[in-house]
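Keep in mind that this is a model prediction, so the values were computed, not measured. This chain uses plain numbering: 1 for the first residue, then up along the sequence.
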Amino acid sequence: MTEFDKPSLWQRVAPLLRGFDFWLLLFVGMLASAGLVAMYSSGFDHGTRFTDHGRNMLIAAAILFVVAQIPPQQLMKVAVPLYMLGVALLVAVALFGITKKGAQRWVNVGVVIQPSELLKIATPLMLAWWFQRREGQLRGTDFVIAMVLLLVPVGLIMKQPDLGTSLLVMAAGLSVIFFAGLPWKLIVPPVLAGAIGITLIVLYEPQLCADGVRWPVLHEYQQTRVCTLLDPTRDPLGKGFHIIQGMIAIGSGGVWGKGFMAGTQTHLEFIPERTTDFIFAAYSEEFGLVGNLFIIVSFLLLVWRGLAIAIQANSLFARLMAAAVAMIFFTYAFVNMGMVSGILPVVGVPLPFISYGGTAMVTLGLALGVLMSVARSQRQLPGEGGGPL
């Protein structure tokens, strides 16, 4: 009787790693490395923030690995139940959610969770599923239904209120609708309306931001953030403090930065939330323009790779999901860097792989897992897209 050699650990693990996109992992690794360096410096006196950040990265990597094993066809099967679960949890938050710092964003289901984070992935999944079902027979009403599917979670999240997360969910959903073939005649009018609105706000800022003036739709704190962006010196020691100190830190870094662990604005605690939303300001102070370019180029490469994977995808669902994930990373980075440098309102959006935060890191790991799943499906189906690593 022939005896077979027991396969080694590597022989058992190798099939699970086959098809992983090398370039995607490289660009994520570049950002993760910058994040660890930034967190060590900005969070060294924040207890265990550095070690917790590293642990969160490992958890995200594990989630990436697990989700990457699931083919896009299987991911499509969970799109509807995941979306329905997320919306149901948002309704539960509205009815009997937990309030912290004036916002009702959490619900206790045995453990306290923030359902809006789930919708960052569940919403584009649902929209990609919808357009896959309607492939080849798209009509104007299909885009209207898609907008309703998007506006339901966005509206519930804005009601909490949570403007930052609602913007991210909106951006992810709109990217799916756009890549599904949204006609330009439906894109141009709202873009023009937004441009006109922004122009009017800038031109009439003194009158619109005067005491006692209230804008429709927006909450008072959201209106205050827009007015503070237009003129942070209006309240330099209060509402405008974050923006002013962020800009000072970024500018003081110069070209080469002040050096690792040498940021005065950071370590004298002038930068609020220096390990979370404003960590880019702390990083900029110590590593300057050169360090900023490293992060910006890394994000651009990550987004480029995500779009490249989307172009080569084997199905409409996979293509839309990969494109949505790529745009999620772009939106995260653009909004965070914009608000820290004073060109966008402060909305509480973390910088992917750099900012501290366990829930956000888990969401990023899930998003990367979906993108890697699409990449692997290209390489494992003979004769279909993907090419060599």
Side-chain touch [X]/[Y], heavy atoms, less than 4.5 angstrom:
| X | Y | result |
| --- | --- | --- |
| Leu149 | Trp129 | no |
| Phe329 | Leu368 | yes |
| Lys159 | Gln104 | no |
| Ile295 | Phe353 | no |
| Leu75 | Ser373 | yes |
| Met170 | Leu151 | yes |
| Val346 | Ile243 | yes |
| Val91 | Leu156 | yes |

Taking salt bridge (Lys or Arg N to Asp or Glu O under 4.0 Å) as the test, write out the residues that go with [X], two or more places apart.
| X | result |
| --- | --- |
| Arg133 | none |
| Lys258 | Glu285 |
| Glu117 | Lys120 |
| Arg134 | Asp142 |

Hey, is CE on Met261 packed in by over 12 heavy atoms from elsewhere, all under 6.0 Å? yes
Crowding at CZ, Phe294 (>12 non-hydrogen neighbours, <6.0 Å): yes
Measuring from [X]:[atom1] to [Y]:[atom2], what's the distance to the nearest 0.5 Å?
| X | Y | atom1 | atom2 | result |
| --- | --- | --- | --- | --- |
| Leu371 | Arg376 | CG | CZ | 13.0 Å |
| Cys209 | Asp231 | SG | CG | 8.5 Å |
| Ile113 | Leu118 | CD1 | CG | 7.5 Å |
| Phe317 | Glu135 | CZ | CD | 12.5 Å |
| Tyr356 | Met39 | OH | CE | 8.0 Å |
| Leu125 | Met76 | CG | CE | 11.0 Å |

Test question: given the 4.5 Å side-chain rule for I, L, V, M, F, W and Y, name all other residues clustered with [X], or answer none.
| X | value |
| --- | --- |
| Leu293 | Leu289 |
| Phe241 | none |
| Ile248 | Ile244 |
| Val290 | Val255, Trp256 |

Can you spot which of Asn336, Leu364, Thr331 makes a side-chain contact (heavy atoms from CB on, under 4.5 Å) with Pro352? Leu364
For Val349, which of Val340, Val335, Asp277 qualifies under side-chain contact (heavy atoms from CB on, under 4.5 Å)? Val335
State plainly whether one hydrophobic cluster holds both [X] and [Y], where clusters connect Ile, Leu, Val, Met, Phe, Trp and Tyr through side-chain heavy atoms under 4.5 angstrom apart.
| X | Y | answer |
| --- | --- | --- |
| Leu119 | Val78 | no |
| Leu268 | Phe280 | no |
| Ile311 | Phe330 | no |
| Trp304 | Leu24 | yes |
| Phe65 | Ile59 | yes |

Heavy-atom donor-acceptor pair, [X] side chain to [Y] backbone, under 3.5 Å:
| X | Y | result |
| --- | --- | --- |
| Tyr283 | Gly291 | yes |
| Thr228 | Gly240 | no |
| Arg105 | Ser116 | no |
| Ser315 | Ala318 | yes |

If a pair satisfies salt bridge (charged side-chain N to carboxylate O under 4.0 Å, His left out) and one of its residues is in residues 55-75, list it, with sequence neighbours excluded. Asp52-Arg55
Under the side chain to side chain donor-acceptor pair (under 3.5 Å) rule, collect the residues that match up with [X], sequence neighbours excluded.
| X | value |
| --- | --- |
| Gln160 | none |
| Thr123 | none |
| His267 | Ser41, Glu286 |

Students often mix this up, so state it plainly: with edges at 30° and 60°, are the rings of Phe50 and Tyr40 parallel, tilted or perpendicular? perpendicular
Please state whether the rings of Phe131 and Phe143 are parallel, tilted or perpendicular, taking 30° and 60° as the class boundaries. tilted
Worked check of side chain to side chain contact (heavy atoms under 4.5 Å, CB included) between Leu344 and Phe334: CA-CA 9 Å; Leu344 291 175; Phe334 179 77; 3.8 Å; yes
So which heavy atom on [X] is nearest to which on [Y], and how close?
| X | Y | value |
| --- | --- | --- |
| Ser252 | Gln265 | OG-CG, 4.5 Å |
| Pro115 | Leu90 | CB-CD2, 4.0 Å |
| Ala324 | Ala172 | CB-O, 4.1 Å |
| Arg225 | Pro345 | O-CB, 4.1 Å |
| Thr199 | Ala195 | OG1-O, 2.8 Å |
| Ala310 | Ala323 | CB-N, 3.6 Å |

Between Met337 and Phe299, does a side chain to side chain contact (heavy atoms under 4.5 Å, CB included) hold up when you go through it step by step? CA-CA 12 Å; Met337 294 181 187; Phe299 272 117; 3.8 Å; yes
Evaluate the side chain to side chain contact (heavy atoms under 4.5 Å, CB included) criterion for residues Thr276 and Arg49: first the C-alpha distance (whole Å), next the side-chain angles of each, then the deciding distance (0.1 Å), finally the verdict. CA-CA 10 Å; Thr276 52; Arg49 289 252 160 144; 3.9 Å; yes
Do Arg305 and Phe27 form a cation-pi contact, if we require the NZ or CZ to be under 6.0 Å from the six-membered ring centre and within 45 degrees of the ring's axis? no
I'd like to know whether Val374 forms a side chain to side chain contact (heavy atoms under 4.5 Å, CB included) with Arg319, so could you lay out the CA-CA distance, the side-chain angles of the two residues, the decisive distance to 0.1 Å, and finally the verdict. CA-CA 8 Å; Val374 175; Arg319 182 160 63 251; over 6 Å; no
